[in-house]
Amino acid sequence: MKTLTKTIAATLLSFAVLGAAHADQELIPTDNEAGTKLCVTATTGSVLKMNKAMKLSKVTKRYVTEKVTCNGQDMVAFVEQYGAKAEKMNNFLTNGKYSEERNVIASVNNQ
């Protein structure tokens, strides 16, 4: 019984540490470029903030998804990896095509 208790305690502690490590992840812009600001804003998960940042930068959603790169990745992939509410943000940026693409890929893989 003691080993079961120790195992459960160790497992819970591991999950707590992993959760804390993931929660502490913060992106810090290294310059004052418009593209960098867009990348950091996109990871917040706030569609309102992203829309405002795009208006201030005078760029469209299409431009952001096709031309802006963040750490060598396109915007959608970057938000998938680092973003809060990634699906919501990517649906905003791709005008709802993000969920459709994910569903098509999932259905193809199931067959």
Side-chain angles (χ1 to χ4, degrees):
M1 192 67 175
K2 286 183 179 181
T3 48
L4 178 61
T5 305
K6 288 180 183 179
T7 304
I8 291 172
T11 303
L12 291 175
L13 181 62
S14 298
F15 283 125
V17 170
L18 288 173
H22 184 49
D24 290 339
Q25 184 176 347
E26 181 182 353
L27 296 175
I28 300 169
T30 57
D31 57 31
N32 205 19
E33 297 288 326
T36 303
K37 289 179 183 179
L38 289 171
C39 292
V40 173
T41 303
T43 61
T44 65
S46 172
V47 171
L48 293 174
K49 287 181 183 178
M50 186 62 182
N51 195 30
K52 184 178 179 181
M54 289 188 322
K55 284 182 180 180
L56 287 172
S57 299
K58 298 178 181 160
V59 294
T60 63
K61 292 179 192 179
R62 185 175 183 170
Y63 181 84
V64 169
T65 56
E66 292 180 3
K67 303 290 184 185
V68 176
T69 58
C70 308
N71 290 349
Q73 298 176 316
D74 64 63
M75 181 67 77
V76 173
F78 184 75
V79 171
E80 275 182 7
Q81 185 172 0
Y82 298 106
K85 302 177 188 171
E87 187 169 357
K88 179 181 173 184
M89 181 59 69
N90 282 336
N91 275 327
F92 167 72
L93 292 172
T94 62
N95 294 321
K97 294 178 184 173
Y98 177 74
S99 289
E100 292 172 11
E101 291 172 4
R102 292 184 70 191
N103 289 336
V104 169
I105 291 170
S107 66
V108 170
N109 287 340
N110 288 334
Q111 293 178 356

Asks: Of the non-hydrogen atoms in Val47 and Met89, which two are nearest, and what is the gap between them?
Replies: N-CE, 4.0 Å
Asks: Suppose clustering is done on Ile, Leu, Val, Met, Phe, Trp and Tyr with side-chain heavy atoms closer than 4.5 Å. Which residues sit in the same group as Leu48?
Replies: none
Asks: Do you know the tightest heavy-atom contact between Gly45 and Lys85?
Replies: O-CD, 3.9 Å
Asks: Tell me every residue that passes side chain to side chain contact (heavy atoms under 4.5 Å, CB included) with Val59, counting only those two or more places apart in sequence or in another chain.
Replies: Leu38, Met54, Ser57, Tyr63, Val64
Asks: Identify, with sequence neighbours excluded, every residue that meets side chain to side chain contact (heavy atoms under 4.5 Å, CB included) alongside Ala84.
Replies: none
Asks: Using modelled atom types and a 3.5 Å cut-off, is there a donor and acceptor pairing between side-chain atoms of Asn91 and backbone atoms of Glu87?
Replies: yes
Asks: Taking atom OG1 of Thr60 and atom CG of Leu93, what is their separation to the nearest 0.5 Å?
Replies: 10.5 Å
Asks: Show every salt bridge (charged side-chain N to carboxylate O under 4.0 Å, His left out) that has at least one partner inside residues 59-71, sequence neighbours left out.
Replies: Arg62-Glu66
Asks: Among the clusters formed by ILVMFWY side chains lying less than 4.5 Å apart, do Val40 and Val68 turn up in the same one?
Replies: no
Asks: Enter the distance from Thr69:OG1 to Phe78:CZ here, rounded to the nearest 0.5 Å.
Replies: 10.0 Å
Asks: Taking only residues two or more places apart in sequence or in another chain, which ones pass side chain to side chain contact (heavy atoms under 4.5 Å, CB included) with Lys49?
Replies: Thr41, Thr44, Ser46
Asks: Apply the hydrophobic cluster definition, ILVMFWY joined by side-chain contacts under 4.5 Å directly or through others, and give me every member besides Leu56.
Replies: none
